[in-house]
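Have a look at the structure below, then the notes.
Along the sequence shown, residues are numbered consecutively beginning with 1.
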Amino acid sequence: MAEDKKVKAARECTSCEATAQMLDKARKDGVETAYDRAEAMKPCPIGADSACCKHCFMGPCRLSSKDPYGKVGVCGATIDTIQARNFARMVAAGTAAHTDHGMHILEVFRDIVEGKITDYKIKDEGKLRDLAKKLGIEIKDRELKEVALDLYHELEKTYTQVHGEIPMVKLVPEKTLELWRKHGIVPRGAMREIMDMIHRSTMGVDQDYENIMRQASRTALVDGWGGSMVATELADIIFGTPVPVEANVNMGCLEKNKVNIIIHGHEPNLFESIFASVNDPALVGKAKSAGAEGINLVGMCCSGAEMLVRHGVPHAGNFMSTEVVLATGAVDAMGVDVQCIKQGLAKVADCYGTKFFTTNPIARIEGAEHIEFVDARPRECTDRIVELAVERFRNRNKPIEIPNIINKGIHGFSHEYINYMLGGRFRSSYTPLNDNIINGRIRGVAGVVGCTTARAKQDFAHVELVKELIRNDVLVLQTGCAQIALAKAGLCTPEAAKFAGPGLGEVCEAVGMPPVLGMGSCVDNSRILIAAAEMVRTGGLGDSIADLPAAGCAPEWMSEKAIAIGQYFVASGVFTVFGVTFPMVRETKFHKLLFDGFEKQGFGKWGFATDPLEMARLMIEHIDKKRTELGIDKQRDRQLVGMAERRAMQKH
């Protein structure tokens, strides 16, 4: 329970009204959340600048960001070596998270094909055959099972191969792949690259910051074009490729008279199984016998985003809302699997009597009940979660307060649907997109993705950045927590085209699409890579991803996974801006490599800003630079307004 002390007002912590309402309630109830802990726990300034080395126990060695070359570590390590090692290890950790997720999905795919798992089926046979064909697997006159097993063995190389190139590089534009080969950064296999990265960043091994960062790029690429891409492609094949669906977002999705179950995490298997459990007539009958009108399944974080885009399952909120949603008193059970799960959830759940369960063998939480999820027998876990949620509903003894806020939106813009949406069933193509970029109606494309964090006002930078981008005719692609932030702001509907500039607005109205396209979870950033590759392949916008008038941004990032994602976009050729903070000391050689040197080598580059309008300025200037280089620029005014003007516009 929180102590009685002065803390930042709820509406200074978040721009999400529902989260602010529940944060106020939690504080009134004496319940501590991440917002309160962030106030009490100030970040270490040396660690935040990545000027601290803990790779051996002659240290930790702390260098000064004010005089970075004034001293070196005990072993002689310079500030550039220390920063590169720290950065590279974040890339390795983030890559491990995504590739482990992808490998799990691959194993599920294999067991479905071999008949060892029967609760899931192959839903998109067309995508299975299409992916197999792209990877050079013969599909003509062959049974689906034969093709699927060949596809499994081919994709397994993504993880286990120690020589050669991972399979998905066949989807990379030729010029981009040539650049990777020139610099020796084409990934071999995830296990090989992560092992190499951890080894060479150990004390006394690689002590050349540029060489360390070459391997960091290679490791990150095995995430974006490997583990994450395998996870996305196979999840589509197994559970269905998303198509646009209307879905509700925000805490108003909870229903007082129903058994409310939240699933939070990243792997879709758990959520897909509980989706079946909550629709089981026998379990629905148990809920009604307990006095409920039914069972209400709601998502949070990234597995919730996957169910949002595939099935229209409502979504209660992103990462920084996961604790305070329990303050509603209406959540009867929360089940979690892996990644972005706060340990504090167990204590908050206990305060409100919510049944809280871990399910994955690699991700237990001290004090939480564990119900193991086994892919071959998934319903044993998910049926039990439902039964215990019903029990909690029957014995509810906490006051219920649900924010009366629901935001509707359209989600589920997979690469395949964008292709269809632009050209129709018989002439599906990215040509209309490229043409509208060439003629200037669409200025460029931006991927705005990533987390929310206790170190910034939740959702604020996401929303203000995207409003500025679409007002300047930049089409926005979204994944993960960012997607939920934009949905809560009402920017994921076709009607939001009124906030777009005249060119983008015209295209949105013609197609009937929002100016912000929600694509799924954080591993689904691979959809953005595929879309970028398709834009190059379609023609007219250069020969490599680095030529595209495109940029990326993670305005409120907080995870090592975000660093891995950022580096694989930079290595793929995309200018990538991060907000809040950045782990480096300015004006060092390492800083200059990330923010300038990579681009000179033909890759993308990093950018950093804390103000969303500054982020927009950096991204739009980069997009305009690429338009000029392509010879498709024309005179136009960039409309950039201040916050006071923005608020005045919103009143009208």
Side-chain angles (χ1 to χ4, degrees), residues 91 94-107 109-110 124 127-139 147-181 183-194 217-238 241 414-416 419 447 479 519-537 544-546 564-565 567-574 603:
V91 169
T95 298
H98 286 146
T99 53
D100 191 50
H101 174 168
M103 191 165 186
H104 185 191
I105 299 296
L106 180 63
E107 290 167 344
F109 173 70
R110 175 199 63 206
D124 195 337
K127 181 159 186 172
L128 189 160
R129 291 183 181 276
D130 183 58
L131 180 59
K133 184 178 180 181
K134 287 176 180 176
L135 298 184
I137 296 169
E138 181 60 53
I139 64 171
V147 175
L149 286 174
D150 281 355
L151 180 60
Y152 162 74
H153 289 298
E154 183 68 14
L155 292 178
E156 189 181 36
K157 297 175 185 176
T158 303
Y159 305 96
T160 60
Q161 185 171 267
V162 295
H163 299 290
E165 300 177 347
I166 59 171
M168 292 293 194
V169 297
K170 294 182 176 70
L171 308 182
V172 177
E174 185 179 342
K175 291 291 183 182
T176 301
L177 186 55
E178 282 180 14
L179 181 69
W180 294 356
R181 287 171 175 159
H183 289 272
I185 63 169
V186 182
R188 296 159 290 187
M191 295 178 183
R192 185 72 185 86
E193 303 308 350
I194 294 167
S217 291
R218 198 175 198 181
T219 304
L221 289 172
V222 86
D223 176 352
W225 294 91
S228 285
M229 195 168 287
V230 169
T232 295
E233 298 297 281
L234 290 184
D236 285 354
I237 288 168
I238 298 167
T241 302
S414 59
H415 154 69
E416 289 81 3
N419 208 31
T479 64
M519 306 182 86
S521 69
C522 56
V523 294
D524 294 332
N525 281 310
S526 58
R527 297 192 198 278
I528 299 176
L529 292 178
I530 291 174
E534 189 61 32
M535 289 169 69
V536 173
R537 198 167 287 112
S544 72
I545 293 174
I565 292 167
Q567 188 61 29
Y568 74 61
F569 271 107
V570 168
S572 295
V574 180
F603 302 104

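- When all heavy atoms are compared, the tightest approach of I237 to L128 is CD1-CA, 3.6 Å.
- Salt-bridge annotation for R527 and D236: present, with a side-chain N of the basic residue lying under 4.0 Å from a carboxylate O of the acidic one.
- Every salt bridge (charged side-chain N to carboxylate O under 4.0 Å, His left out) that E165 has, sequence neighbours left out, goes to R181.
- Formation of a donor-acceptor pair under 3.5 Å by the T232 side chain with backbone atoms of M229 is not found in this model.
- Between G227 and T99, the closest heavy-atom pair is CA-CG2, 3.7 Å.
- Of the possible polar contacts, none joining the R188 side chain to the T158 backbone as a donor-acceptor pair under 3.5 Å is found.
- Every residue meeting the side-chain contact (heavy atoms from CB on, under 4.5 Å) condition with L135, not counting sequence neighbours, appears here in chain and number order: L131, L151, E154, L155, P167, M168, K170.
- Minimum heavy-atom separation, L171 to A533: O-CB, 3.6 Å.
- Under the side-chain hydrogen bond (donor to acceptor under 3.5 Å, both in side chains) criterion, the residue pairs touching residues 220-229 are H98-D223, D223-S228, W225-S572, with sequence neighbours excluded.
- Scanning for ring pair (Phe, Tyr, Trp, His ring centres under 6.0 Å) contacts around H101 gives an empty result, with sequence neighbours left out.
- Of all non-hydrogen atoms in A132 and V147, the two that sit nearest each other are CB-CG1, 3.6 Å.
- Every ring pair (Phe, Tyr, Trp, His ring centres under 6.0 Å) that H183 has, sequence neighbours left out, goes to F603.
- Side-chain atoms of V172 and W180, non-hydrogen and from C-beta on, do get closer than 4.5 Å to each other.
- Applying the side-chain hydrogen bond (donor to acceptor under 3.5 Å, both in side chains) test to E416 and every residue at least two apart in sequence or in another chain returns K127.
- Looking at every heavy atom in both residues, T479 comes nearest to M519 through CG2-CB, 4.1 Å.
- A search for side-chain hydrogen bond (donor to acceptor under 3.5 Å, both in side chains) contacts involving S217 returns Q567, not counting sequence neighbours.
- Residues I565 and C522 come closest through the heavy atom pair CD1-O, 4.2 Å.
- Here the straight-line distance linking atom OG1 of T241 with atom CG of D124 works out to 3.5 Å at 0.5 Å rounding.
- Legend: residues meeting side-chain hydrogen bond (donor to acceptor under 3.5 Å, both in side chains) with T95, ordered by chain and number and at least two apart, are absent.
- The shortest side-chain heavy-atom distance between N525 and Y568 falls under the 4.5 Å cut-off.
- Taken from CG in L529 to CG in L221, the straight-line distance is 9.0 Å, to the nearest 0.5 Å.
- Counting non-hydrogen atoms of neighbouring residues, nucleotides and ligands closer than 6.0 angstrom, the CD atom of E174 reaches no more than 12 such neighbours.
- Distance check: E233 CD to L106 CG gives 13.0 Å after rounding to the nearest 0.5 Å.
- Counting heavy atoms from C-beta outward, I545 and P173 have side chains that approach closer than 4.5 Å.
- In this structure R218 satisfies the salt bridge (charged side-chain N to carboxylate O under 4.0 Å, His left out) test together with E193, sequence neighbours excluded.
- Considering only residues two or more places apart in sequence or on other chains, K133 meets the salt bridge (charged side-chain N to carboxylate O under 4.0 Å, His left out) condition with none of them.
- For residues 97-107, the set of pairs meeting the salt bridge (charged side-chain N to carboxylate O under 4.0 Å, His left out) definition, not counting sequence neighbours, is empty.
- Remark: side-chain polar atoms of Y159 are paired, donor with acceptor, to backbone N or O of M103 under 3.5 angstrom.
- Inter-residue side-chain proximity for I166 and V222 is flagged as met; some heavy-atom pair is nearer than 4.5 Å.
- Considering only residues two or more places apart in sequence or on other chains, T176 meets the side-chain hydrogen bond (donor to acceptor under 3.5 Å, both in side chains) condition with none of them.
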